[in-house]
Structures are given as C-alpha cells and as structure tokens.
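If you're wondering where the values come from, they're calculated on a predicted model, not measured in any experiment. If you read the sequence from its start, that first residue is 1, and numbering goes on from there.
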Amino acid sequence: MFGAIIPRTRRTPKGADESLGARGARISGALGGFLRRTSRTGFVLYALALGAALGLASADFATSGGYPVGGTTIGAWTAWAKTGSVDADPYSRAVNARRGEIPLAIGEGLLLTAATDDDGRRLDASCTYAVGGAVPPARAWTLTIGGRGAVDPAARPVREAFTSTEILREADDRFVITIAKEVQSGNWLPMPRPSGPVRLALRLYDTPVAASVGSLDRNTVPAITRLGCK
C-alpha cells in the first residue's frame, strides 16, 4: 500500500510578514493623519462660521434700535450731541446708514430720545402717556413717536409727530401731548402699533444747547407720565 500523502503547508517568508506589517502601519498612520487634518480643518471652518454668525447678529442688534453709545442722560431723555459730527462713533454712523437718515449737526440742532417714562418704566404701546411741560430753547422742534419693526402696510396712516408751530398751548405757553391708542381731546398722538415698546424722539432745531448739553437738566425737558395701561 502506498503511504498517505501529507500536503505541504506553504510558509510565508519572515521578511514578507514584516513588510506587510510595515505597510499596514504606514497605511494606518497616513489614515490617522488625514483624519486629524480633516478634523482640524473642520474645527477651523466651524469656528470661522460661528464667529461670522455672532458678528452679524451682534451688528444687527446694535444698529436696529437707537444709538447704543455716546448719549447724555437727562431724566427719561438721552441727548445725542455728536451723532452728526465728523467725529461720530462707528455705531452711530452704522445706525444712520441703516436708517438712511441725515443726523443733525452740532450747528443745526440736537436730538433727544426716550424709551422710558420718568419713573424708569419702559414705554409701551398698550399704555397712555402725557408728555409736556418745558422744552429747551429752540427756534423750532418736533416730537415723533416710533417703534421697532416694520409698520403694517394695511394699517391706516395716522399722525406720527407734532411740531412746535401746530401744537395747542395753555395760557402760560406750556403744553401737554397725550399719547394713546384711543382718540383724545387736545394734542393727541396715536400709538404706532397695538402693543410693544415705543420710543420718542425730540428734535430741537437751531438751539443754543446743542453745543452745551451739560446745561440741560430734568426740569428743562418734557416730562413723561404714564396715565394707565390696558
């Protein structure tokens, strides 16, 4: 009888095993480096995108309302003496550019704004206010009311301001403007929207106080008194 045939096992040379291991290590190292570079690049892109988003959001918030810096507080009012000067701060320039307005220069007049009443409570369109008393000396002035956000195009146009030439005055030349949603007797200024924050703007034209805002005090600006809310 013939003996059993024993198959021979083919052995891989030791050098071949080492070359395969080295090749695998190189591939793993290259893959790991690629992943690390990719993750680092992704992190940088994410940081840049986040920074750009936060920058745009902060710029939109800073320029969508009133002037954020540079005012002088006088009771409930804030006087903005340098918003139209050549050395106006960048935020004021950005607000003017976004609004498309030409601010009053120092020799032309002075802008005062108010977002609260005399008790420090925020002006709200659902409330009724009385604005009046004294006004700093000026050749003419206007009192305007507005609010943040676009006006409803379907709403009927209403009065948004009073001028010093058309206002009804008392015997001592003082005046009172009632700001409310409902029609009022006398000087009535309707609210621009049913609810939400509102802001008053008092513009003094050809006034000597434009160059000396520090001479103003609480008794020389109109009082803002809240009469009630719904």
Side-chain angles (χ1 to χ4, degrees), residues 65-67 71-81 83-84 95-96 99-106 108-149 151 155-194 196-210 213 215-229:
Y67 299 109
T72 302
T73 302
I74 308 164
W77 298 88
T78 302
W80 306 97
T83 56
V95 172
N96 293 331
R99 292 178 177 176
E101 297 180 354
I102 300 177
L104 294 173
I106 294 179
E108 296 175 338
L110 179 65
L111 169 66
L112 295 94
T113 61
T116 63
D117 60 16
D118 285 351
D119 294 327
R121 295 170 295 191
R122 186 187 68 175
L123 298 180
D124 193 282
S126 61
C127 301
T128 301
Y129 298 92
V131 179
V135 173
R139 184 180 298 274
W141 56 264
T142 60
L143 180 67
T144 308
I145 186 170
R148 180 177 296 224
V151 179
R156 185 176 58 183
V158 294
R159 173 188 287 272
E160 296 180 351
F162 265 108
T163 66
S164 56
T165 58
E166 63 183 346
I167 198 167
L168 300 176
R169 300 177 183 269
E170 300 177 359
D172 57 355
D173 203 35
R174 300 172 74 86
F175 67 91
V176 175
I177 298 175
T178 304
I179 306 177
K181 294 167 55 177
E182 296 81 10
V183 178
Q184 305 289 325
S185 60
N187 302 312
W188 171 56
L189 193 60
M191 286 291 181
R193 51 182 43 81
V198 294
R199 183 183 298 268
L200 297 175
L202 177 63
R203 292 177 172 85
L204 308 174
Y205 298 94
D206 193 11
T207 173
V209 300
V213 178
S215 63
L216 296 175
D217 57 35
R218 191 164 184 171
N219 296 324
T220 59
V221 293
I224 305 176
T225 305
R226 190 168 78 174
L227 303 180
C229 297

D118 side chain to I224 backbone, donor-acceptor under 3.5 Å:
yes
I'd like to check the side chain to side chain donor-acceptor pair (under 3.5 Å) partners of N187; sequence neighbours left out, ordered by chain and number.
none
Working to the nearest 0.5 angstrom, can you tell me the gap between T144 OG1 and L202 CG?
8.5 Å
Please report the C-alpha distance between L216 and L110 in whole Å, then the side-chain angles of each, then the deciding distance to 0.1 Å, and finally whether the side-chain contact (heavy atoms from CB on, under 4.5 Å) criterion is met.
CA-CA 12 Å; L216 296 175; L110 179 65; 4.1 Å; yes
Non-neighbouring partners of T165 that pass side chain to side chain donor-acceptor pair (under 3.5 Å), sequence neighbours left out:
T163
Working to the nearest 0.5 Å, report the span between OG1 of T128 and CH2 of W188.
11.0 Å
Residues which pass salt bridge (charged side-chain N to carboxylate O under 4.0 Å, His left out) with R139, listed by chain and number, not counting sequence neighbours:
D206
Would you give the length of the straight line joining atom CG of L168 to atom CD1 of I177, rounded to the nearest 0.5 angstrom?
10.0 Å
Mind checking whether V209 and T220 have side chains closer than 4.5 Å, heavy atoms only?
no
Quick one: CG on L143 to CD on E160, what's the gap to the nearest 0.5 Å?
12.0 Å
Run the side chain to side chain contact (heavy atoms under 4.5 Å, CB included) test against R122 and tell me which residues pass, sequence neighbours left out.
D124, P197
State, to 0.1 Å, how close P190 and I145 come at their nearest heavy-atom pair, and which atoms those are.
O-CG2, 3.9 Å
Go through the structure and list residues passing salt bridge (charged side-chain N to carboxylate O under 4.0 Å, His left out) with D119, not counting sequence neighbours.
R121
Supply the atom-to-atom distance T116 OG1 to L123 CG, rounded to the nearest 0.5 angstrom.
6.0 Å
Would the distance check show the side chain of R226 and the main-chain N or O of G228 forming a donor-acceptor pair, the cut-off being under 3.5 Å?
no
Smallest separation among heavy atoms of A125 and R193, with atom names
CB-O, 3.2 Å
Would you confirm whether T207, through its side chain, and G109, through its main-chain N or O, come within 3.5 Å as a donor-acceptor pair?
no
From I179 CD1 over to M191 CE, what is the distance, rounded to the nearest 0.5 angstrom?
6.0 Å
Can any side-chain N or O of W77 pair as donor or acceptor with the backbone N or O of L200 at less than 3.5 Å?
no
Closest approach of P137 and P208, non-hydrogen atoms and distance?
O-CD, 3.5 Å
Distance-minimising heavy-atom pair for A161 and R159
O-NH1, 2.9 Å
For a quick test of reading the model, state the closest non-hydrogen atom pair linking A138 to L204 and the distance between them.
CB-CB, 4.0 Å
Of all heavy-atom pairs linking R199 and A115, the shortest is NH1-CB, 4.1 Å
Verify side-chain contact (heavy atoms from CB on, under 4.5 Å) between T225 and D117, making sure each step is shown before the conclusion.
CA-CA 6 Å; T225 305; D117 60 16; over 6 Å; no
R169: what forms a side chain to side chain contact (heavy atoms under 4.5 Å, CB included) with it, not counting sequence neighbours?
W141, S164, I167, D173, F175
